[in-house]
Each structure stands twice: as structure tokens, then as C-alpha cells.
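Quick one: this structure, given as C-alpha cells, is what I'll be asking you about.
Note that the coordinates shown come from a computational prediction; the quantities given were computed from them, not determined experimentally.
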Protein chains: 2
Amino acid sequence: MTEERRPFVSARTVAERAGVSRSAVSRTFTDGASVSEETRRKVLEAAGELGYHVNHLARGLRERSNIVCLVVADMTTPIRARLIDVLTRKLQAAGKVTMVINTGTDEQSVASAMRQTLNYRADATVFLSGTPSAKLIETSLANGQQVVLINRDDPLTGCHNLGVDNEMAGREAFFLLRRAGCTRLALVTSTAHTASLIERERVFVAVAEAAGLPVAVMAAGPTTYASGYESARRLFGRSDGPDGVFCVTDLLALGFMDAARHEFGLTLPDQLCLVGFDDIEEGAWESYKLTTFAQPFAEMGDHVVDLLAAPVPVIPGRRIFQPVPIWRKSIRASAL
Amino acid sequence: MTEERRPFVSARTVAERAGVSRSAVSRTFTDGASVSEETRRKVLEAAGELGYHVNHLARGLRERSNIVCLVVADMTTPIRARLIDVLTRKLQAAGKVTMVINTGTDEQSVASAMRQTLNYRADATVFLSGTPSAKLIETSLANGQQVVLINRDDPLTGCHNLGVDNEMAGREAFFLLRRAGCTRLALVTSTAHTASLIERERVFVAVAEAAGLPVAVMAAGPTTYASGYESARRLFGRSDGPDGVFCVTDLLALGFMDAARHEFGLTLPDQLCLVGFDDIEEGAWESYKLTTFAQPFAEMGDHVVDLLAAPVPVIPGRRIFQPVPIWRKSIRASAL
DNA sequence: AAGATGCTTGCACACAAGTGCAATTCCATC
DNA sequence: GATGGAATTGCACTTGTGTGCAAGCATCTT
């Protein structure tokens, strides 16, 4: 019956047991500090017996906390999961520790996430979803925090900004479909008006119309499989369904593909060519084989670590990464 | 050019600005403390102007840190992502904050994860993957930490233990396949010998053999789509492929299904009946419609929060959750 | 009006670390 | 053996917070 919570063992306890001063314990666990081999041995022995662990919270009181906050909504989305995985692993390797804050995308809950971040003295905050207002970022910067936005292209000054080349993707997607001989084009997007989605849509439509091909634009809901499915139902429910479609997200594309096949009996790539974006694992599965653009997650993760682990603060700016086209079978071979 | 990192604003700065003592500031942000309406107003005003945020690290020096560590490997796996999502959301709602530690499953990296956990004075550690050794858990408990294991059925004393009823799942999976009239049974598992997977396998095989039906067991690699795919290639490469298969994981099942269809031209559920486990979203997609068992994530999340947010420490023990059968079309209707 | 009561407030300490400074110890050299 | 110098050690202060204690002050009661 342990009624009382046993406290964490502190440096003082270790010092008493080892018969040295508390400073000696502190120095034993500090690189480059001056301790004799003898006392070091005694301290390490006592620490081992007691199960002592340096308190990083107390350490963080004086200097950097080495905490990085990750603000995310929709963690279950495959791309989000991938990003979180990459970031946590790389940050950890760089000696940082990550706090994950699961939030909605609305202004209100982003603000509360931001407060958490400050409460725990995070050195930096990385936003994977949801865009903080300029005022919130101001507060963070005033507190010496760094802010990193990933795939949120909003022009907020003072924060680091990573994005992919959506213009290239939109343009390339069109050329892929045209080279495959598609004439009735459509674009499927979501009702969540994220900057990067809008950009892909804008460029795709602009390039297509410049080439004399009109584009049917469809948005049936959030960025999910179900929305893609529903979009296909609506588009093929009309008299002349499309024969070339760019879905701004793989998840939308997979839903779209399933509806096209199972509801309307279409075969890919003969009757329908499809291009996605993100390169989620599911797109490579045998049932889909989706042609898409891969986000260079590893590179992006490395860059975030470079930004946050740099000895001197990096000047904030925008860095664009090139998505990599992934050729699979959802587009006719003539496209090559 | 901000050469120097601006420091976080502390309670002292706020106190000076508001013309009160530092204690007054502290009390303003502490529920139930005695402050006059007048000073409270002054403090809040000054805090607002300076952008003050209570330092939870310093607060955590005295009492509970309210930090919970989540130790995970393979975050990109759909189930893991779901679990992390549920847990972070619920813990957050309960006033906790979660640190995610992304690790391998080997003893070595689990130990280092455990150390991180202690370094940051986490109140509790939740293991989603990887099992810590008894000695490590001992250390955690000695430091007053709580340890929660999810789906790791190893009999470690002193820690909370959540699991699903694998026995029921294994048994039920067999009955489903038998009622569907399957006679050539197979079980697909992974080479990662997790306790819960082993248990499902053990029961399924035992019940089937007790009923006079032998089971071909196949494990081609880790718990992935690719392993499931490879398992199907091997099983159907033989003379008499199975007509009823239990995959101990949905991801394995989807890979298996794709290989069966695309490599061997089999149709489900006529020529092959398939049952999975986990109920990942992808299994509900139109291309798969996999019959499976759902892990009750929401309930499990609630239970974890109950354990960790309880005012008095809960006595550690094992709690079993009932998986819920999800009927889809990968099994013949006669099974109903 | 005097005393009692209750609300505020500030001081000082605790928490667990790192570190500058001065004192001490140790060793080698003259 | 004395002296110089380097290495080690401990004291005391710092970080930002919460809180017990006692003093201060206003209000109420008799």
C-alpha cells in the first residue's frame, strides 16, 4: 500500500549517498565539467543504485528546454502519420523531444495549442495543420520561440515555411493527362480550403484552360476517401463524365478510383486516367497503383532539424521542395 | 537583428509592471488562491501586455508534471496512428500533455526511451509497442511513475495492462469460416512474435484442429501489407490453396486479398473467405470490404485516462476489452 | 470606540538543476 | 621543504514557480 507517491530521486539524495557535494553530482553529468575520476565513480555508483535521472525540466529552467511542439489535426491521415513519424525520429536523434498537440484546425483550438506550447517553454513549434494567426506567432517570437509551418503557404512573416512546389505539380499533372490523350478533364479537391490545395487546383485549371481544355472542378467534402468517392458519383452521374482526373490528394484519388470502378464499371487506365498527390503507401497497393507525386518527407524532416538544431538561429524564410513524380498504372502508357 | 535570444517573460517581470509582488502574480493564476479583484485585474493586464505564460516546467518541479510519455514504434501503421490520435486527444482533454517517443522495439532503444521518460519527469509512460524489461519498470515505479502497456500481454507486475480478448477473436474467426463452409483453412501472421498475435494464432489453430480441420500457418515477414501479399503467393503457389483464411491483422489481410485477386484471379467471397483483425479504415474501402474485428479504441482511451487522471493511484491490473465483429463482404453470406 | 474577525499581501523557503568564484588539495619543480 | 601552478571541490547564487506563515488592513460586532 503505497499511499504516498514516492518522489523522484534528486541530485541531493545521490550526493548524500555518495558522500560528496551536490555540485559534484551535477558536474558528473555535465560534459566538460571538472570532476576527479574518484568522485565520478562514487557518484555514478550511487546514482545507479538509487535510479537517478537528471531532471530535464529543471535543466530547462536555465537554458533551452529542448522541447519541440508538433501541432496536428487529423493524425490518422496517412501523410500526417508519415510526417509525424519522420519528424519525431529525426528530432529525437538531434537530442530534442517532441510534444504532440492534437487539435482542431479552428482558430480557437490553435490558439489554445499555442498556449500549451508556451506553457511548456518549447523551443519551437511545428505546425502540420491549422494556421496560427499573425498575432499568435508574434507572441511566440517575442518569447524567443521558433515557428515552423509545413505545407501552410500563408504568408506569415517571422516563421519558417516549408512547402512543396504545387505549381510544378499542377502543371505536370495536366501534361501527364494530356499526353495520355485525355480530353474531358476534371479536378477533385476538398472543401477544406488549404493554401496548397488551392494552389494545385489554380495552376492545373489555368494551364488546362490555356490549352483550350475546360476543367470540371468538384469538391464534395473534407480531404478523405469518402469525399473522393462522392466526387466520382457526382461527376459520372452527369451525361459526359471525365476521362482524365487530377485529385489534389491521394486519399481523394483512391476514393475516386473505387467509385469509378465499382459504381460505374470503368477500367483504368483505358477509360479513365487518374493522378494523385502525396504518395501515401496505400496508393502503391495492387488494387490501386496510383500515379502520383511524392512529397520528399525525409528531406523536409532533415531541413526542420537543421532549422531547429542550428547553434545560431536561422533567418526565417520559405523553402520549396520538389515533389517527385511516381509512375504507376493509373495513367496510359502513352503518357511516357 | 536579434542576436540574443529574448528570454521568456517570467512572473517577476509581470509583478514589476503591475506594481505588485510576485506572489500576487502566482496567486492570480492559481485556482482558489486569495487575490483581490483589484490586483487580479492589474496582473492580468500586465500579463496580457507582456505575453506572459505560466511556466509548466517550473510548476512541475514541485508537484506532478502532467506529462505523459507515449512510447511507439511504427507510427505509420494505421492502428498505431489511430491509437495515438485517440490517446493524445483524450489525455489533452484531461489536462495532460503527451510526449511521443518514437523508438525501435529492441531492448536497447526501449531502455533509452524509458530514460527520456524519467528525465522529463513524466507522470506516466504508455507503451504501444516494445516491451520494457522488468528491471526498467522497477525503476519507473521506484520513481513514482505509472506504466501502462497496451496490447502487450507479457505478465509484468506493477504496471497497468490493457488488452483485447484475443481468445474470443481466434475462436470467433474459426466459427465464421466454418459456417461459411470453408474446409481448407490457413492462418497468416507476422514474424514479429507479439504476444497478442501469438494468442490469436494459438486459439484459432487449437479450435480448428479440435474440430478436425488442420490449419496451414504462414508468416512471411513483419506485420505489413507486403507480408500479407507474400504469404498469399506462397500459400496459393502450392497445389491446394486455402479457401478460408484468418489474417491476424487487417494490414496482412489486405495484402493477402490483393495477391489472391490479382495474382491468382480468385474472387471473394466465392472462392476465398477472409477475416482480419483491427478494423483499420482501409478495410472498409470499396475494394476490400473486409470482415474483421474492431478494437474498441475509444473505450481503451477512456480507460487510460481514467487510470492516469485518477486522484488516487489505481491498483495496477489487467483489463480485457471485447473486440467487436464487423461484418463485411469478404465472407460468404451463409456465415450469418 | 475597542476588539474580533476575515481578507490580502509580501517575505521567505522549497523544488532540481547549472555555474562563477574562491578556497582547498594535489603534484611537480626548484 | 617551500613555492608555483593546475586540478578539484564546495558555497552560494540563478532559473520560475507554488505556498505556509505572519503581518497589515478593512470591516463588522458589541
(request) Scan residues 37-49 of chain B against DNA chain C and write down, sorted by residue number, each residue with any heavy atom closer than 4.0 Å; if none is found, say none. (result)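 Per residue number, the list reads Thr39(B).
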(message) Between the opening five pairs and the closing five pairs of the helix from dA1(C)-dT30(D) to dC30(C)-dG1(D), how far apart are the helix axes, to 10°?
(response)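 If I round to tens, the end axes sit 50° apart.
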(request) Mind calculating the distance between CZ (Arg64(B)) and C1' (dC15(C)) to the nearest angstrom? (result)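 Interatomic distance, CZ of Arg64(B) to C1' of dC15(C): 16 Å.
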(request) Take the protein atom CD of Glu16(B) and the nucleotide atom P of dG10(C), then report the distance between them rounded to whole Å. (result)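 Computing the Glu16(B):CD to dG10(C):P distance gives 13 Å.
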(message) So that I can tick it off, tell me whether Arg41(A) and Glu38(A) are bridged by a salt bridge, with the cut-off set at under 4.0 angstrom between side-chain N and carboxylate O.
(response)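 Arg41(A) and Glu38(A): salt-bridged.
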(request) Return the value, rounded to whole Å, for the distance between atom CG of Leu118(A) and atom C1' of dG16(D). (result)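 Taking atom C1' of dG16(D) as the reference, CG of Leu118(A) is at 15 Å.
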(request) Choose from dT8(D), dG16(D), dT8(C) the nucleotide whose nearest atom is closest to any side-chain atom of Ser36(A). (result)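 Taking heavy atoms from C-beta onward, the closest nucleotide is dT8(D).
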(request) Send over the distance from Asn55(A) CG to dT15(D) P, rounded to a whole Å. (result)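 My rounded result for the distance is 18 Å.
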Using the 3.5 Å cut-off, write out each protein N or O paired with an N or O of nucleotides 18-20 of chain C and the distance between them.
{"unit_1": "dG18(C)", "atom_1": "OP1", "unit_2": "Arg59(A)", "atom_2": "NE", "d": "3.4"}
{"unit_1": "dG18(C)", "atom_1": "OP1", "unit_2": "Arg59(A)", "atom_2": "NH2", "d": "3.0"}
{"unit_1": "dG18(C)", "atom_1": "OP2", "unit_2": "Ser26(A)", "atom_2": "OG", "d": "2.3"}
{"unit_1": "dG18(C)", "atom_1": "O5'", "unit_2": "Ser26(A)", "atom_2": "OG", "d": "3.4"}
{"unit_1": "dG18(C)", "atom_1": "N7", "unit_2": "Arg22(A)", "atom_2": "NH2", "d": "3.3"}
{"unit_1": "dG18(C)", "atom_1": "O6", "unit_2": "Arg22(A)", "atom_2": "NH2", "d": "2.8"}
{"unit_1": "dG18(C)", "atom_1": "N2", "unit_2": "Arg62(A)", "atom_2": "NH2", "d": "3.4"}
{"unit_1": "dT19(C)", "atom_1": "O4", "unit_2": "Ser23(A)", "atom_2": "OG", "d": "3.4"}

(request) Among Asp123(B), Val97(B), Thr98(B), find the residue that satisfies the side chain to side chain contact (heavy atoms under 4.5 Å, CB included) test when tested with Ile67(B). (result)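 For Ile67(B), the side chain to side chain contact (heavy atoms under 4.5 Å, CB included) check succeeds only for Val97(B).
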(request) Would you mind telling me which residue lines up with the more 5' stretch of DNA chain D, Ser10(B) or Val20(A), judged by nearest nucleotide? (result)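 Its nearest nucleotide lies further toward 5', so the answer is Val20(A).
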(request) Scan Val126(A), Val100(A), Ile101(A) and name whichever one has a side chain to side chain contact (heavy atoms under 4.5 Å, CB included) with Cys69(A). (result)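 Option passing the side chain to side chain contact (heavy atoms under 4.5 Å, CB included) with Cys69(A): Ile101(A).
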(request) Please round to the nearest 0.5 Å and tell me the distance separating atom CD1 of Ile84(B) and atom OG1 of Thr88(A). (result)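 Here the interatomic distance stands at 8.0 Å.
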(message) Taking the six-membered ring of Phe29(B) as reference, does the cationic atom of Arg27(B) (NZ for Lys, CZ for Arg) lie under 6.0 Å from its centre and within 45° of its axis?
(response)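 Pair Arg27(B)/Phe29(B) does not count as cation-pi.
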(message) Under a plain distance cut-off of 3.5 Å, with no hydrogens placed, do Asn102(B) and Asp85(A) share a side-chain donor-acceptor pair?
(response)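 Yes - a donor-acceptor pair under 3.5 Å links their side chains.
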(request) Could you tell me whether Arg318(A) atom CZ has more than 12 heavy atoms of other residues or ligands within 6.0 Å of it? (result)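 Yes - once you tally the heavy atoms of other residues, nucleotides and ligands closer than 6.0 Å, there are more than 12.
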(message) Ser140(B): which residues meet the side chain to side chain contact (heavy atoms under 4.5 Å, CB included) condition with it, sequence neighbours left out?
(response)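 Here the qualifying residues are Met114(B), Leu118(B), Gln145(B), Val147(B).
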(request) Report the residue from Val71(A), Thr139(A), Val110(A), Thr125(A) that forms a side chain to side chain contact (heavy atoms under 4.5 Å, CB included) with Pro132(A). (result)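 Single pass found, and it is Val110(A).
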(request) Taking side-chain hydrogen bond (donor to acceptor under 3.5 Å, both in side chains) as the test, write out the residues that go with Ser36(B), two or more places apart. (result)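 Once residues adjacent in sequence are excluded, the partners of Ser36(B) under the side-chain hydrogen bond (donor to acceptor under 3.5 Å, both in side chains) criterion are Thr39(B).
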(message) OP1 or OP2 of dT14(D) versus the side-chain N and O atoms of Arg12(B): is any pair under 4.0 Å?
(response)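 For dT14(D), neither OP1 nor OP2 has a side-chain N or O of Arg12(B) closer than 4.0 Å.
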(message) From NE2 of His56(B) over to C1' of dT15(D), roughly how many Å is that when rounded to an integer?
(response)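 Atom NE2 in His56(B) sits about 18 Å away from atom C1' in dT15(D).
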(message) Both Leu61(B) and Ser34(B) contact DNA chain C. Which one's nearest nucleotide lies toward the 5' end?
(response)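 Closer to the 5' end of DNA chain C: Ser34(B).
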(request) Rounded off to whole Å, could you give me the CG-to-P distance for the Leu57(B) and dT17(D) pair? (result)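 Going from CG in Leu57(B) over to P in dT17(D) covers 10 Å.
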(message) Test of understanding: with salt bridge (Lys or Arg N to Asp or Glu O under 4.0 Å), list the residues that count as partners of Arg22(A), not counting sequence neighbours.
(response)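 Arg22(A) satisfies salt bridge (Lys or Arg N to Asp or Glu O under 4.0 Å) with no residue once adjacent residues are dropped.
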